[in-house]
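Encoded as structure tokens, the structure appears first; notes follow it.
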Amino acid sequence: MDNSGVAAILSKMALLLEFKGENPFKAKAYERAARNIRGLGEDIGEMYRRDRLSEIPGVGGAIREKVREILDTGTFKAYERTAAEVPPGIFGILDIPGIGPKTAKLLYEKLDIRSVDGLLKAAIEHRIRRLSRMGPKQEEKILRSVQRYQSSGEPGRTPLATADPITEEIKEQLRAFPFIKKVIAAGSIRRRKETVKDIDLIALSDVPAKAMDGFLHLQKVTEVIEEGNTLSSVLYDNKIRVDLRIVPEESFGTLLQHFTGSKEHNIHLRKLALEKGYKLNEYGFTDIATNVIKRCAEEKQVYDHLGLEFPVPELREDRGEIEAGMQKRLPKLIEVEDIKGDLHVHSNWSDGEDSIEDLALSALERGYEYIAITDHSHSTAIAGGLSEKRLLEHTKAVSSIDEKFEGIRLLSGTECDIRPGGKLDYSDRVLQELDIVIAAVHAGLDQDRKTMTKRIVSALENEHVDILAHPTGRKFGKREAYDVDMEKVLQAALDNDKAIEINSSPSRLDLNDINAGMARKMGVWLAINTDTHRLDNFNNIRYGIDVARRAWIEPQDVVNTRHIKDFVSLFRIE
DNA sequence: GCCGTTTTCGGCCCGACTGTTTTCAGTCG
């Protein structure tokens, strides 16, 4: 089982403990352990084998034993015992926004509500309002929340690339109001997380009431979820929840810091503040001895006050950035401008829309020094994969077009299928003619972990392969990553001097931030590519860079930050 | 259940908003 599988069971245990009303700190302990395992840059199974589970923060003696049990048996006895005591539908109920463990417990004990459907029925029949602490408004709120939950399938997270334009649209409208001085996105959007639950905005205004009113009446607001003086929350365009907080100028920095999160980062920061004698909240530092409040207009002052180097938002996940900040050893992260070329580009020779000439021109305009034209191989027939004969014609075409362009080097390449048995789609004789060979899995995705791992590793052992593309195959909303031992794959890449791709396509982002972080720690080369199929796809590089930054990646970790001269010598291209 | 440069026991981040409440519990981030 992989890290997220182990974390999922521990999270469910936390929910069960909360539901049962046990010591809330015990539930929190399970949740914390789950979170840290999920965000671990190492394979949990490997840590178990090396007897290093106790190194994980939040994993003490008891949870360590449970993790061992999960890895050995797929579950643990205490969980099975606890889960057997409650109806399985409880997890669905707890998933509904606004319903927490206390409410779920009340509904179960008093009304025998065991599922989301049962909850809906009880709300319609007005049985909920009669319970203590409930009332008509609560009942109505639950009803709406259930209906929204059922109509959207699940509360769901929105891919960052979908949320970005919506955020810009709202910011633009808010900025048009004369009484709003400044609007900035905080939360997971600012941390550039791959998916976001909601859009967090903070705004400066001298007339908060007017600002809030303007927000609540934006044209595409479909529902007001919460309404307050400093904080309101709406459903925007029936798609995504948007929170707006109006903040005073003198505390802007502290508030921005607070609302950027992550929650885990903030908790750690506040503990640190307490150790130094301050209570930290979104308004500033309160000196516990004197009760004097220090507010920060600039975000950096918050970190300065604690003696920390400033961590960019992408780092704020409590994955070591606070410790590194204390030692002033934060990484100097890669930026979009560091990218000098794109190594994964499709032309109209296969399933791309544009000619090689147009791709070259567009890349040149972006200031790139090189791109590799990597059309599909023949197994991917649905994408117009090239036969060996066509590939050789393709290669000739690339070099003749290359001669026409000054200032950019066109590299001949392929995105070559790794067949189910591990063989490549082209013979070595053909592959050796190419400048860049990308290997990738496109079909036969349901192989078991061992077979898939062996398949990919054998491709990495081929001397002509340069890069492994989209290493886990996941696509948002379409399919999960296939089962593969990422640590073994990365080790094979390291042993054979291959690069691993961070695919910037917004539906892929593969590697993700956790796996990319693992690759970086192991010292594996990375390539950040767009997998362009249409000229404007080149812009997606931003999203690959986001992933890389969240993985603490610096320019020197990435092969395509090299200038052309260094790049061709690194890949031994003539 | 975890954790410790005041602690191996007694804490565990902090506040806004809502609804049902005459002072607060539950949920969320």
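- The residues A:Arg520 and A:Glu554 are annotated as not salt-bridged, no charged nitrogen and carboxylate oxygen being separated by less than 4.0 angstrom.
- Counting non-hydrogen atoms under 4.0 angstrom, A:Gly261 reaches nothing in the nucleic acid.
- Here A:Phe259 lies out of heavy-atom contact (under 4.0 Å) with every strand.
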Each nucleotide of nucleotides 5-15 of chain B classed B (base within 4.0 Å of a protein heavy atom), S (only sugar-phosphate) or -, in 5' to 3' order, makes -------BBBS
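- The OG atom of A:Ser11 sits 9.0 Å away from atom CD1 of A:Ile37, with the distance rounded to the nearest 0.5 Å.
- Distances shorter than 4.0 Å separate none of the side-chain N or O atoms of A:Lys102 from OP1 or OP2 on B:dT27.
- Atom CD of A:Gln219 has 12 or fewer neighbouring heavy atoms from other residues, nucleotides or ligands inside a 6.0 Å radius.
- Pair check for B:dT8 finds none; no Watson-Crick or G-U wobble contact set falls under 3.5 Å.
- As judged by a 4.0 angstrom heavy-atom cut-off over every strand, A:Thr230 is placed among residues touching the sugar-phosphate backbone only.
- Contacts of A:Pro24 with the nucleic acid, taken as non-hydrogen atoms under 4.0 Å apart, are absent.
- Note on residues 243-262 of chain A: pairs passing side chain to side chain donor-acceptor pair (under 3.5 Å), not counting sequence neighbours, are A:Lys181-A:Glu249, A:Arg190-A:Thr260, A:Asp200-A:Arg245, A:Ser233-A:Asp243, A:Arg241-A:Asp243, A:Gln257-A:Asn266, A:Gln257-A:Tyr303, A:His258-A:Arg270, A:Ser262-A:Glu264.
- With distances taken from any side-chain atom of A:Lys137 to the nucleotides B:dC2, B:dT20, B:dA16, the minimum falls on B:dT20.
- When the nucleotides B:dC17, B:dG29, B:dG1 are ranked by their closest atom to the side chain of A:Ala29, B:dG1 comes out on top.
- With sequence neighbours excluded, the residues forming a ring pair (Phe, Tyr, Trp, His ring centres under 6.0 Å) with A:Phe76 are A:Tyr79, listed by chain and number.
- In this structure, A:Asn3 CG and A:Met518 CE are separated by 6.5 Å, a value rounded to the nearest 0.5 Å.
- When the nearest nucleotides of DNA chain B are assigned to A:Lys26 and A:Asp200 by heavy-atom distance, the more 5′-ward of the two goes with A:Lys26.
- Among the protein residues, A:Lys66 comes within range of the sugar-phosphate backbone only, with heavy atoms under 4.0 Å from sugar or phosphate atoms but none that close to a base.
- Using P as the reference atom, B:dC13 and B:dG4 are 14 Å apart when rounded to the nearest Å.
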